[in-house]
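Each chain gets a letter, A, B and so on, in the order its sequence line appears, and its residues count up from 1.
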2 protein chains.
Amino acid sequence: MNTQQYQSKVFELAVQEFSKLPGIGGKTALRLVLHLLREETPEVLKLGHAILELKEKIHYCKSCNNITENETCSICADPGRDQSTICIVENIRDVMAIERTQQFHGVYHVLGGIISPMDGIGPSDLKTGSLEKKLGDGKINELIFALSTTMEGDTTNFYLYRKFNKYGVRMTTLARGVSIGDELEYTDEITLAKSLLNRTVFEASS
Amino acid sequence: MNTQQYQSKVFELAVQEFSKLPGIGGKTALRLVLHLLREETPEVLKLGHAILELKEKIHYCKSCNNITENETCSICADPGRDQSTICIVENIRDVMAIERTQQFHGVYHVLGGIISPMDGIGPSDLKTGSLEKKLGDGKINELIFALSTTMEGDTTNFYLYRKFNKYGVRMTTLARGVSIGDELEYTDEITLAKSLLNRTVFEASS
């Protein structure tokens, strides 16, 4: 798209930058920029400054790679949380998902990705440095693998299991089973087989 | 969504601001912000500054309401364009669409909206001031109404026709007819009827 079409280099640049975002094509970018032009100036400034502050103020927790505005994130810094139980997740969104359950009282370790040759992510791209240090210091009781139940997740689970086996800590994964609300007849065979094998004692309250 | 969930006020604010954009909900906003966090800093700064510059550098052409970084847009300022033929459009996107055809050599007038009671846009919201002044000065030969062929577009056409009728200039609208590539049997009756009434002499080249 040439400048002639847009009448303004500033406008063109904004459309160009928006269309670099994932899931936003040229037409959506154009629509967003036209929307911003119609908006009140303070609103637009708020968005612009919020984006600028992202890189300036947000860091990764040196202990778990979660996002934080300080050195360590609020979860790692919370004295009420069990530092010896570490839940290994792929990304920050998974931290948020597990936090929403309010059922986990340990801390996290964010890998920043899972092994996926198709996306060019190999074992060396996983951020495991701070976790290995903790394991080496003998401070860990349990590692919970909470990765996606995909080929990539399973590969990463297996890789990490082999890598950390020497430390002799308990390693667990999330239970696989029928989702709450799922109809049994539509559940896939592998999930159904796993849920049978790992059946639990019936509790009247659940 | 509370701050506890996001671990960072800056992060939360960015998600909030993104989700104000049209067509972008909370989940998409979260995805975009996480994407920006993973991006290189210069890329993120480019987007932030592009947004800040939008409101700072882009103005509306005082002659036609098109966007420009100067007082008048490059179309109005172009001595090669016929200032006496004005194409009335709803918004900047329509200017771009017509410019892409490379068939129009007059200038535009951007209304900034069309009459739509459902959206709370009345006749007084249309920006027609600079156009009326030109008409009053007797500099205009033809007004081309290039609005959408919707109820709102037709209402606006009719309103403007009545308003400008006193100036005695030629007023035209875009031809209605069968779109190129359309199958006749699926064309709606009104369009087909119009295209029959307004049939043109066959040219072997077209």
Hey, which of B/Glu56, B/Gln16, B/Glu39 has the most heavy atom pairs under 4.5 Å with chain A?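 Option with the greatest count: B/Glu39.
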Among B/Val44, B/Leu13, B/Thr68, which has the most heavy-atom pairs under 4.5 Å with chain A?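 Of B/Val44, B/Leu13, B/Thr68, B/Val44 has the most heavy-atom pairs under 4.5 Å with chain A.
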Which residue pairs pass the ring-ring contact (aromatic ring centres under 6.0 Å, His included) test when at least one of the two sits in residues 34-70 of chain B, sequence neighbours left out?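 Output for this query is empty, none listed.
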Name all pairs fulfilling the ring-ring contact (aromatic ring centres under 6.0 Å, His included) condition that reach into residues 84-111 of chain A, sequence neighbours left out, sorted by first residue then second.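 Found A/Phe104-A/Tyr108.
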Minimal non-hydrogen separation, [X] against [Y], with atom names:
X	Y	answer
A/Ile67	B/Ser8	CD1-CB, 4.4 Å
B/Phe11	A/Leu54	CA-CD2, 4.3 Å
B/Ala50	A/Ala14	CB-CA, 3.9 Å

Flag the pair [X] / [Y] as yes when at least one side-chain heavy-atom distance between them is below 4.5 Å, and no otherwise.
X	Y	value
B/Lys20	A/Leu47	no
B/Lys55	A/Glu40	no
B/Leu34	A/Asn91	no

Distance in Å, [X] [atom1] paired with [Y] [atom2], rounded so as to fall on 0.5 Å steps:
X	Y	atom1	atom2	value
B/Arg93	A/Lys27	CZ	NZ	9.5 Å
A/Ile92	B/Arg38	CD1	CZ	8.0 Å
B/Leu21	A/Thr28	CG	OG1	11.5 Å

With a 4.5 Å heavy-atom cut-off (strictly below), which parts of residues 137-160 of chain A touch chain B? List them by number.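 Result: none.
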Part of [X] lying under 4.5 Å from any heavy atom of chain B:
X	result
A/Lys46	both
A/Leu37	both
A/Glu43	both
A/Asn70	neither

When only heavy atoms count and the cut-off is under 4.5 Å, which of residues 110-119 of chain B reach chain A?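 Listed by number, there are no contacting residues, so the answer is none.
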Over 12 foreign heavy atoms within 6.0 Å of NZ, A/Lys127: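 Correct, the count exceeds 12.
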